[in-house]
Amino acid sequence: MSHADLSLVDAYWRAANYLSAGQIYLMDNPLLTEPLAPEHIKPRLLGHWGTTPGLNFVYAHLNRVIKERDLEVLFVTGPGHGGPALLANTWLEGTYSETYPDVPRDGEGMRRLFRQFSFPGGVPSHVAPEVPGSIHEGGELGYSLAHAFGAAFDNPDLIVACVVGDGEAETGPLATSWHANKFLNPVRDGAVLPILHLNGYKIANPSLLARIPRDELDALLRGYGYTPYYVEGDEPDVMHARMAEVLDQVVGEIARIKVRTDRPRWPMIVLRSPKGWTGPSEVDGVPVENTWRAHQVPLAGVRDNPDHLRQLEAWLRSYLPEELFDANGAPRPELSELVPHGTRRMGATPHANGGLLLRELKMPSVREHAVDVVKHGTTQSEPTRALGRMLRDIITLNAGAADFRVFGPDETASNRLGAVFEVTGKQWQAETLPVDEHLSHDGRVVEVLSEHLCQGMLEGYLLTGRHGLFNCYEAFIHIVDSMFNQHAKWLKTHQRLDWRRPIASLNYLLSSHVWRQDHNGFSHQDPGFIDHVMNKKAEVVRVYLPPDTNTLLQVADHCLRSRDYVNVIVAGKNDTPDWLSADEAALHCARGAGIWEWASNDEDEPDVVLACAGDAPTVEVLAATSLLRQHLPSLRVRVVNVVDLMRLQPDTEHPHGMPDREFDAVFTTDRPVIFAYHGYPWLIHRLTYRRTNHRNLHVRGYKEEGTTTTPFDMLVLNDMDRYRLVIDVVDRVPGLGPKAARLRQLMQDQRTRHHAWIREHGEDLPEVRDWTWQ
């Protein structure tokens, strides 16, 4: 690298720093063609300066090596609150103006770039979906490396440069993500280049990794399986030379690794630079640069403080903008010499707009995997086991494209999806022993006992244009509640940007669910993820509760074909009655909710509606229906099953919602509705509170009663068993007469008998275990 080339890198870095600081402070006079005045300053100063110069430094140097070696690089910004950096760099390289022609690369465009930042009606301060080249906002810290590794899977020519902030490095998800290098196949997958940015401080405290001894840090990173290269200092000329040297070494090492078949020791960079580098060293006699005070806005109150205003102007002019931009405000031509061409620009890479690369997933016929149903409810099958066979065939059909993966925390086999191992293994680059099963250097299943890492890798995989499924125990998917939040918010914004193309949906399969965690006990019993998901915008989220095998296959087929959603599927793995044939399941899932005529005897008008959503509730509703037919044969019962939970909302609230007339036709306007629901009962009330018949709706569900017991006892403990449902009918339907009183007493006696039986025998009543729909 010649001295002249490094001068160009330095000029580019200064330009990016100038543009970054300008976004935080200026709403006018972007080129400083006149002395700064209070009216040029934004009324509210928002943004994060501290990490930004380091991000600009890395971006400029990556540009140099990309152009020299024609590399394909995706930039992941861990400290995404350094949004000014990515906005500045994409504007400098031209991709921002190509994406947003109303922000051209001239003085007026620079003014708009500055004014819109953290401004009402403008753009966020983070590396949000609005920023070209981004797949990672980084507003919530911890997920950058997981996203980077997910992006690298099955992208053999891609280098993912991932800047990890030293504050972010203190989070649990990031600490686990260092281990993702044990899954990366150097030949079939791309490379991840972690760049640990140690600028010393968080918002108000020193960062841990910046304050431990160098040998301790080195041992930690080498223990994770990396070879760290160090770029440390504060003198720009020295730092430029060292960064150029290290990047050349690292890129060369990655090229050598890419032809290996054993697990390599991947290179990484440790960049130690001052927080707020090149910004004000002191303000009002107090140190700012290289302290926590540089984290956000180093100079506050600029409009009202003439000294601060003069200091800001001196700071901005220190970058020599007149040397960097021409009289019209465009970057000088020599700066463009550092910019890679076309889609090699990091802001223009199609990997950051994954819908451009997305191919249709080849899907097997659902009918090939459907179970035969001769008579409703008389046979049983394991729903997720059948789904495993379908996933096996999806993997086979898409083997050439290599764009479908299954992620999960050590639960693929436990959740009965083991058929996938007939055609693939679990990707694994660490040591293997003879006792191990299904481990492979090139598997399509990724298992690691970190829900954070599974979620993050799948998000990175989807955002870069591929397909996948995340299977997990229902109770422990809560571990990624916040990650789901961030992805759902990303999708909501992404959908409003015409230039971002649709990506494959994030699909959750939640099995080993609350009603079949009787053996593991109370800690494993929690259906509340659904409630969490339902808080997000209707255009993003979907929740499905298939009652049997054939409906699960239909739902999974639909979800895997869908785009730009978060789909939550809750399905059991244990033997479940087969309620619907393949044809019936297809029609029922298309409706999302409907009357099961074969289970009803209401003719035109019921006396009561028994509704259900979920596999265990469906069994109990049909068992209760059977008891009612036996003991009150004249009672007209309508059975309604809900597979798409969003159907309960009004159509004004959700695209899948039922119009009021349809809802009233199904659930009636005045008859009692006894609803057995998989999760917490108040969610059903929340979804239906505007409906005509809401006051007659009585919901049974999980109410935080659980222990290590039997499946049926779990239902009894939570008052969702068949006997309790029959009692609810007797209590809610008027005019049933003496027979109803005796039936109520019989049902209560059955519940009492159950309690005695289970204490003595440790298993459910024989009539419960052996029950089938007649």
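Here, residue 1 is the first one in the sequence, and each next residue gets the next number.
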Ignoring hydrogens and angles, state whether a donor on the side chain of [X] or [Y] is under 3.5 Å from an acceptor on the partner side chain.
| X | Y | value |
| --- | --- | --- |
| S505 | S562 | yes |
| Y12 | N56 | no |
| H147 | E459 | yes |
| H295 | K275 | yes |
| S482 | E140 | yes |
| Y59 | W13 | no |
| N155 | D189 | no |
| H240 | H61 | yes |
| T52 | N17 | no |
| Y319 | T278 | yes |
| H494 | D564 | yes |
| Q455 | Y508 | yes |
| H532 | N485 | yes |
| S144 | E168 | yes |
| H656 | Q649 | no |

Can you find a heavy atom in the side chain of [X] that is under 4.5 Å from one in the side chain of [Y]?
| X | Y | value |
| --- | --- | --- |
| L74 | I159 | no |
| H558 | Y544 | yes |
| F114 | L19 | yes |
| Q116 | L113 | yes |
| H452 | V480 | yes |
| P409 | V448 | no |
| K67 | L338 | no |
| P194 | I269 | no |

Where [X] and [Y] come nearest, the two heavy atoms and their spacing:
| X | Y | answer |
| --- | --- | --- |
| G342 | R345 | O-NE, 2.9 Å |
| W315 | P298 | CH2-CG, 4.0 Å |
| D166 | G200 | OD2-N, 2.8 Å |
| A21 | L316 | CB-CD2, 3.6 Å |
| A88 | S20 | CB-OG, 3.6 Å |
| A85 | L55 | CB-CB, 3.7 Å |

[X] [atom1] to [Y] [atom2] distance, which is reported to the nearest 0.5 Å:
| X | Y | atom1 | atom2 | value |
| --- | --- | --- | --- | --- |
| R542 | M534 | CZ | CE | 10.5 Å |
| H308 | L45 | NE2 | CG | 11.5 Å |
| S273 | M239 | OG | CE | 5.5 Å |
| M268 | L145 | CE | CG | 8.0 Å |
| K42 | F117 | NZ | CZ | 6.5 Å |
| N89 | N63 | CG | CG | 7.0 Å |

Hey, does the side chain of [X] reach the backbone of [Y] with a donor-acceptor pair shorter than 3.5 angstrom?
| X | Y | result |
| --- | --- | --- |
| T349 | H351 | yes |
| E93 | G347 | yes |
| N507 | V568 | no |
| R303 | I41 | yes |
| S450 | L453 | yes |
| D644 | M646 | yes |
| K489 | K536 | no |
| H48 | I203 | no |
| N353 | L356 | no |
| K202 | P206 | yes |

Inset, instruction - List the steps, then state whether ring pair (Phe, Tyr, Trp, His ring centres under 6.0 Å) holds for H179 with Y224. - result: CA-CA 6 Å; H179 287 300; Y224 279 131; 5.2 Å; yes
Legend entry - Lys/Arg-Asp/Glu bridge criterion (N-O < 4.0 Å) met for R496, E130: no
Legend entry - R115 bridged to D102 by N-O distance under 4.0 Å: no
Legend entry - F529-F484 aromatic ring centre distance below 6.0 Å: yes
Inset, instruction - Using side-chain contact (heavy atoms from CB on, under 4.5 Å) as the criterion, point out the one residue from V270, V231, V251, I195 that pairs with V246. - result: V231
Inset, instruction - Walk me through it: do R405 and D154 pass the test salt bridge (charged side-chain N to carboxylate O under 4.0 Å, His left out)? - result: CA-CA 10 Å; R405 285 181 181 257; D154 302 314; 2.8 Å; yes
Does [X] [atom1] have over 12 foreign heavy atoms under 6.0 Å away?
| X | atom1 | result |
| --- | --- | --- |
| E653 | CD | yes |
| Y565 | OH | no |
| N535 | CG | yes |

Inset, instruction - Walk me through it: do Y25 and H40 pass the test ring pair (Phe, Tyr, Trp, His ring centres under 6.0 Å)? - result: CA-CA 8 Å; Y25 285 97; H40 300 147; over 10 Å; no
Legend entry - Evaluation steps, salt bridge (charged side-chain N to carboxylate O under 4.0 Å, His left out), between R105 and E98: CA-CA 9 Å; R105 294 172 78 223; E98 291 168 14; over 6 Å; no
Legend entry - Plane angle bin for F153 and F407 - parallel if under 30°, tilted between 30 and 60°, otherwise perpendicular: tilted
Inset, instruction - Determine the interplanar angle of the Y100 and W499 rings, folded into 0 to 90°, and report it as parallel if under 30°, tilted if 30 to 60°, perpendicular if over 60°. - result: perpendicular
Inset, instruction - Take W266 and W178 through the ring pair (Phe, Tyr, Trp, His ring centres under 6.0 Å) test and state the conclusion after the steps. - result: CA-CA 11 Å; W266 291 95; W178 293 113; over 10 Å; no
